[in-house]
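All remarks here apply to the structure that follows.
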Amino acid sequence: MSSSSPIVAIATAPGRGGIGVIRVSGKELDALIQTLFGRTLQARHAHFLPFKDAQGEAIDEGIALFFKGPHSYTGEDVLELQGHGGPAVLRRLLDRCLEAGKDQGLRLAEPGEFTQRAFLNDRLDLAQAEAVADLIDASSEAAARSAVASLSGVFSNNVNALADRIIHLRMLVEATLDFPEEEIDFLEKYQAAATLQGIQDELERILQHSRQGAILREGLHVVLAGQPNVGKSSLLNALAGEDVAIVTDIAGTTRDRVMQLIHIDGIPLHIVDTAGLRETEDTVERIGIARTWDEIAKANVIVHLLDARNPQDELDSAITTRLPSHVPVLRVYNKIDLLTAEQQAALPAQESGATVLPISARKDIGLDTLRRTLLDIAGWNPGSESPWLARERHLRALERAEYHLGLAAEHATHSDQVLDLFAEELRLAHLDLCSITGEFSSDDLLGEIFSSFCIGK
Ligand code: GDP
Ligand code: ZN
C-alpha cells in the first residue's frame with residue numbers, strides 16, 4: 001500500500017447526523033475534482049453542488065471545500081465533501097470517490113493517516129499530532145482544554161526551548177573538544193556547571209507540569225479497600241454523583257465489575273473496588289482477580305474504608321498487609337451519621353501514619369474534603385497554570401533526558417573533567433527531547449502512535 005497515493009475516508013463518526021463529511025487528501029486532486037464535478041473548485045471557497053454518481057444520478061447535494069496544498073490540514077491537496085450524515089449516503093459518496101479516483105490510485109485511509117501526513121509534511125510535530133487524538137478522546141473539559149494547549153504547541157515550544165539550550169551548551173563543548181589544551185578551563189570559562197543546572201531546573205519544571213497533564217489523560221488509580229458493608233459501593237456512587245459512572249469490566253468476565261471511572265473536578269479516577277478480591281476456586285474469576293491486583297499495583301492512592309462504629313480488626317489488618325506498601329493510604333471512617341457528637345470528636349486525625357477522614361456516604365458529610373484530599377494525596381497538584389496534556393511516552397522521554405543530564409552533571413564535577421563523556425550525555429539528553437516532538441523517530445513508533453487514531457483523522 002503506497003504511502004503517497006491519495007486517501008479517502010468518512011471523517012465523521014459512524015451513525016446518523018445532520019452532516020457527514022468525506023475527506024480526501026492527495027498530492028494533486030485536480031483530476032479527481034474534475035471527474036466528480038465536471039469543473040474546478042476555487043480553493044477555500046464553499047461550493048454548494050450536487051454530488052452525483054458515475055451515471056449522473058444524484059447521491060446527495062452539499063458543500064464541497066477544496067484546500068490547495070500545502071495550505072491544508074495534511075499539507076497536501078485536501079477535498080472535503082459535506083453531505084447529509086446518514087450511513088447509506090456517506091457509503092455511496094465514499095464509493096463514488098473511490099471509483100472516480102481509481103486512476104490516481106485513490107484508496108481508503110488507514111487510521112490516523114491524515115494526521116500522519118500532516119506530521120510527515122511538517123504541519124504538526126509528533127506531540128501535536130498525539131494531541132489531536134487526545135482532544136478527540138478527551139473525557140472531560142479539563143482534559144480537552146489541556147489537549148488544545150498541546151495541540152497549539154505549548155508543550156512542544158517548552159520542549160524545543162529546552163532543547164535549544166542544550167544545543168547551545170553542546171556547541172560550546174564540542175568546539176572545545178577540538179582544542180584539547182582548552183579542555184581544562186572549559187567548565188569555568190563558560191560556567192558550564194551553572195548553565196547545566198539551569199537546564200536541569202527547567203527540565204524538572206516541564207516534567208512536573210507534564211506529570212499533571214498525564215494525570216488528566218491517563219487518570220488517577222484509586223483502590224477502595226474495606227470489609228463488606230462498610231459502604232464502599234455507597235461511597236463510589238456518592239463520589240460519582242451526577243457524573244454517570246462508566247462501568248468497565250476489566251476482568252473481561254461478566255461476574256465481577258470491579259473498575260469504575262468517575263470524575264472529580266474533571267480529573268478521571270479509575271476506582272477499583274476490592275469486592276472482587278475474595279478468595280475463589282473459580283479459574284475465570286481468579287484471572288479477573290489477578291488483573292485487579294495488577295491494577296492495584298498501579299494505584300496512586302488507597303482508600304481504606306472502615307465503619308466508624310467498629311474499631312479496626314484483624315480483617316482490616318489483613319487488608320492492609322496485602323496492599324502495596326509504596327502507595328499512600330487514606331483511612332476513611334464512614335457512617336459517622338450514626339455516631340454521637342462525642343464519638344465523632346474522639347476519632348483520631350492520624351492513624352499509623354495515614355490521614356484519617358470522617359464521612360457519611362449516605363448523608364453526604366465530609367465528601368468534599370474527601371474529594372480534595374484524594375486528589376491531593378494521589379498527586380494532582382496543577383499549580384496555577386493549567387497543564388498541557390502529556391502521555392506516558394512523553395514522561396518516559398523527559399525522565400531519560402533527566403537521567404542523562406544528571407550523568408552530565410557528575411562528569412562536570414569530576415576532578416579530571418571528562419569532557420567527551422560530558423558531551424555524550426548532553427547529546428543523549430538532546431535525543432530524548434527530540435523524540436517527544438518526533439524530530440528523530442522510528443517507523444515503529446509512528447506506526448504505534450497513528451494506528452491508535454480513528455479512521456478519517
Ligand atoms: P459495601 O459492601 O462496602 O459496598 O457497602 P455498601 O455500600 O453496600 O453499604 C452497606 C450498607 O451500609 C448499606 O445498607 C448502606 O445503605 C449502608 N451505608 C453506607 N454508607 C452509609 C452511611 O454513611 N451511613 C449509614 N447510616 N449507612 C450507610
Ligand atoms: Zn459493595
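Heavy-atom basis, side chains included; hydrogens, waters and symmetry copies ignored. Every number for a ligand or one of its atoms is a count from 1 in the order of the listing.
Remark: Arg96 does not engage Asp53 in a salt bridge, criterion side-chain N to carboxylate O under 4.0 Å. We find that Arg91 and Asp95 are joined by a salt bridge, their nearest charged nitrogen and carboxylate oxygen being less than 4.0 Å apart. A salt bridge is defined here as a Lys NZ or Arg NE, NH1 or NH2 lying under 4.0 Å from an Asp or Glu carboxylate O, and Asp60 with Arg92 fails to meet this definition. One finds a salt bridge joining Arg211 and Glu399 here, because a Lys/Arg side-chain nitrogen approaches an Asp/Glu carboxylate oxygen to under 4.0 Å. Using a cut-off of 4.0 Å between Lys/Arg side-chain N and Asp/Glu carboxylate O, Glu448 and Arg393 are scored as not salt-bridged.
Interface atoms of ligand 1 facing Asp337, defined by a heavy-atom separation under 4.0 Å, are 22 (C), 23 (O), 24 (N), 25 (C), 26 (N). Of all atoms in ligand 1, listed by their number and element, those nearer than 4.0 Å to a heavy atom of Leu338 are 26 (N). Numbered from 1 in the order shown, with element, the atoms of ligand 1 that lie under 4.0 Å from a heavy atom of Ser360 read 22 (C), 23 (O), 24 (N). Every atom of ligand 1 with a heavy atom of Ala361 under 4.0 Å away is listed here by number and element: 20 (N), 23 (O). Listed by number with element, the atoms of ligand 1 under 4.0 angstrom from any heavy atom of Asn229 are 1 (P), 2 (O), 3 (O), 5 (O), 10 (C), 12 (O).
For Gln344, the CD atom counts as densely surrounded, since its 6.0 Å shell holds more than 12 non-hydrogen atoms of other residues, nucleotides or ligands. Within 6.0 Å of CD on Glu314 lie no more than 12 heavy atoms contributed by other residues, nucleotides or ligands.
Considering both main-chain and side-chain atoms, Arg362 comes within under 3.5 Å of ligand 1 through a nitrogen or oxygen pair. Remark: ligand 1 and Pro228 share no N or O pair separated by less than 3.5 Å (distance only, no angle test).
Among Gln227, Lys363, Lys232, the residue whose heavy atom lies closest to atom 1 (P) of ligand 1 is Lys232.
Contacts with ligand 1 closer than 4.0 Å are made by no heavy atom of Ile336, backbone or side chain.
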